Amino acid sequence: MTVSILLADDQDMVRTSMRIMIDVEPDLDVVGEAADGHLAVELAARLRPDVVVMDIRMPHMSGVDATREIVNLPGAPAVLALTTFDLDEYLFGVLRAGAAGFVLKHDPASTLMEGIRAVARGEGFVSPGPTRRLITRVAKDDPDPVPLPEGLTPREHDVLVLLGQGMSNTQIARRLNIEESTVKTHVQGVLTKLRVRTRVQAALVASRAGLADGPGPPRKPEGP
């Protein structure tokens, strides 16, 4: 299945570089480009791509505001934020606005491709280096624990803790010794009960609830 992509960045050179890298991937297809936030929203509504790669800082409408509008479109695409700085205020804004994750402009091409594929699958993606720093920063900014909503099952609680530690579905499945498809079901349950759109937002909730710094659930033994 081919993933359709809209590139949104105000620098022609950046968009061209990304298109060249993406064009060699047989399962990825660039269907449009936007040089500002307003055009990104317009093209996202018209072209209905699977993924929007969104520069955070753009003229006329920032990537944060554009993301907020795009994730509320019917059949909304996943938004993968693109930034030069890994922990600036714009990044926190775009994640809170509903971006499924972010990559850094100086990340290797393989990281961009991995991020696009991950958010297209409905997973979150955070550039590997800043993941723990992102969670630590949120905990520092919000030192008082925030209570979790009632209704999480024990397994959903385990999954939320591991999301807060920056784990992927595959890593969570291995940690809990369950199928990856089961992890996806639990993640969706967590998102619904937390009333958030993305697993990155769920990870931020876990951090604010004081769950991210603990040891997490014990590794489950294999077999009966």
Side-chain angles (χ1 to χ4, degrees), residues 1-37 39-41 43-44 47-59 61-68 70-71 76-135 137 163 166-171 197-201 203-204:
M1 182 171 133
T2 301
V3 176
S4 57
I5 303 159
L6 171 64
L7 302 177
D9 194 293
D10 61 321
Q11 298 182 37
D12 291 343
M13 185 177 296
V14 173
R15 295 198 313 274
T16 300
S17 297
M18 287 194 293
R19 179 183 278 274
I20 289 172
M21 291 187 290
I22 292 170
D23 280 348
V24 301
E25 302 293 327
D27 60 325
L28 305 179
D29 180 33
V30 176
V31 296
E33 297 184 18
D36 62 63
L39 185 56
V41 174
L43 291 180
L47 300 176
R48 300 175 65 90
D50 299 309
V51 175
V52 178
V53 179
M54 176 76 72
D55 184 23
I56 293 178
R57 300 189 182 193
M58 289 190 294
M61 176 186 283
S62 72
V64 177
D65 291 335
T67 295
R68 189 174 293 111
I70 287 172
V71 299
V79 175
L80 182 66
L82 185 67
T83 181
T84 303
F85 307 103
D86 57 0
L87 291 182
D88 67 3
E89 292 306 316
Y90 284 88
L91 174 59
F92 287 96
V94 80
L95 293 177
R96 292 187 181 108
F102 74 92
V103 294
L104 305 181
K105 288 189 177 182
H106 59 258
D107 279 335
S110 59
T111 299
L112 174 62
M113 305 310 148
E114 184 182 359
I116 290 172
R117 294 184 177 106
V119 300
R121 292 193 301 267
E123 300 180 12
F125 187 85
V126 178
S127 183
T131 303
R132 290 299 302 170
R133 298 201 302 279
L134 172 68
I135 294 169
R137 167 71 180 276
L163 286 174
M167 289 193 184
S168 66
N169 284 355
T170 300
Q171 291 170 322
R197 294 178 180 275
T198 73
R199 59 191 291 129
V200 174
Q201 290 175 320
L204 299 181

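Every value quoted in this text rests on a predicted model; they were computed, and no experiment measured them. Numbers here simply count residues along the sequence, with the first being 1.
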Spacing of Met1 atom CE and Asp50 atom CG [to the nearest 0.5 Å]: 5.5 Å
How long is the span from the CE atom in Met58 to the CD atom in Gln11, to the nearest 0.5 Å? 11.0 Å
What residues, two or more places apart in sequence or in another chain, satisfy salt bridge (Lys or Arg N to Asp or Glu O under 4.0 Å) together with Arg117? Glu25, Asp27
Considering residues at least two apart in sequence or located in another chain, which fulfil the salt bridge (Lys or Arg N to Asp or Glu O under 4.0 Å) criterion with Arg15? Asp12, Glu33
Could you tell me whether the side chain of Ser4 and the main chain of Asp29 form a donor-acceptor pair under 3.5 Å? no
If you take all heavy atoms of [X] and [Y], which pair is closest and at what distance?
| X | Y | answer |
| --- | --- | --- |
| Ala76 | Val71 | CB-O, 3.4 Å |
| Arg19 | Leu7 | N-CD1, 3.9 Å |
| Val52 | Pro77 | CG2-CG, 3.8 Å |
| Val31 | Pro49 | CG2-CB, 4.2 Å |
| Phe102 | Leu80 | N-CD1, 3.8 Å |

I'd like to check [X] versus [Y] (side-chain heavy atoms, cut-off strictly below 4.5 Å). Are they in contact?
| X | Y | value |
| --- | --- | --- |
| Asn169 | Arg121 | no |
| Met54 | Ile70 | yes |
| Thr83 | Val94 | no |

